[in-house]
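Step one of this worksheet: look at the structure below.
A quick note: this is a predicted structure, and the numbers were derived from the prediction, not measured. Note: hydrogens, waters and symmetry copies are ignored here, and every other heavy atom, side chains too, is used.
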Amino acid sequence: GGAPAGAATEDAAPDAPGRAHADGTGAAPVWPGRSRHHSGAWPGVLAVVLAVACAGLVAAGVAVALAGDFAASTLLAQIAVGCSIAAIVSGVVSIVIGRGRGWGIAGCTLSFFANPLVAVVVLRTFEGI
C-alpha cells in the first residue's frame, strides 16, 4: 500500500504545507520573509490601532465640546463608539483564533476604557462622591 494520509513522501517537497518535516515534528513551514511568531498578528494589532483611534476621538470630542460645538462633539463620540466596538470585535477575534493575543487583549482593554459610553457610566457612578 501507499503511505498513510498526511505522511511525508519522498517525492514531496520538504517544505510543502501539510507535510511532515525531516525532524518528524510535523511543524508548519516558515515561508521566506515571514516569522512563525508574528505572521498573523494583524487582528490584534488592528484592535490596538482602533482603540488608540477611539481614545483620540474621545479626546478630540471633549476639546470640541469645551469649545462649544456640541453637534461636532456628539458626532465624534458616535464615531468613537463605532471604533470601540470594531476594536473589541477585532480583539476578540485575535484572542479566539490565537493571532496576536497580547495585542488583542490590549486593544480590548484600551477600547473598553476609551469608550465614551463607559466613561459616562463611570462618571455618573462617582459623581456623588
Result block: side-chain N/O donor-acceptor pairs under 3.5 angstrom for residues 76-86, not counting sequence neighbours:
residue : atom : partner : partner atom : Å
Ser84   : OG   : Ser111  : O            : 3.0
Ser84   : OG   : Asn115  : ND2          : 3.1

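- Pairing each heavy atom of Ser73 with each of Gly61, the nearest pair is OG-O, 2.9 Å.
- Cluster membership for Phe113 and Leu123, using ILVMFWY side-chain heavy atoms within less than 4.5 angstrom, is not shared.
- Val49 and Leu110 fall within the same hydrophobic cluster, where Ile, Leu, Val, Met, Phe, Trp and Tyr residues are linked whenever their side-chain heavy atoms come under 4.5 Å apart, directly or through other members.
- Taking Ile, Leu, Val, Met, Phe, Trp and Tyr as members and joining any whose side-chain heavy atoms lie under 4.5 Å apart, directly or through other members, the hydrophobic cluster of Ile95 also contains Ile105.
- Atom SG in Cys108 sits 6.0 Å away from atom CD1 in Ile88 (nearest 0.5 Å).
- Annotation: the span from Leu75 atom CG to Phe70 atom CZ amounts to 15.0 Å, rounded to 0.5 Å.
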For this session: Could you walk me through whether Val120 and Arg124 pass the side chain to side chain contact (heavy atoms under 4.5 Å, CB included) test, one step at a time?
Result: CA-CA 6 Å; Val120 168; Arg124 283 191 182 153; 3.8 Å; yes
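- Smallest separation of non-hydrogen atoms from Trp103 and Val48: O-CG2, 3.2 Å.
- Cluster annotation: Val45 is connected to Val52 through the hydrophobic network of ILVMFWY side chains, with a link wherever side-chain heavy atoms come within less than 4.5 Å.
- Following chains of ILVMFWY side-chain contacts shorter than 4.5 Å, one can reach Val122 starting from Ile129, so the two form part of one hydrophobic cluster.
- Looking at every heavy atom in both residues, Pro43 comes nearest to Ser94 through CB-CB, 3.6 Å.
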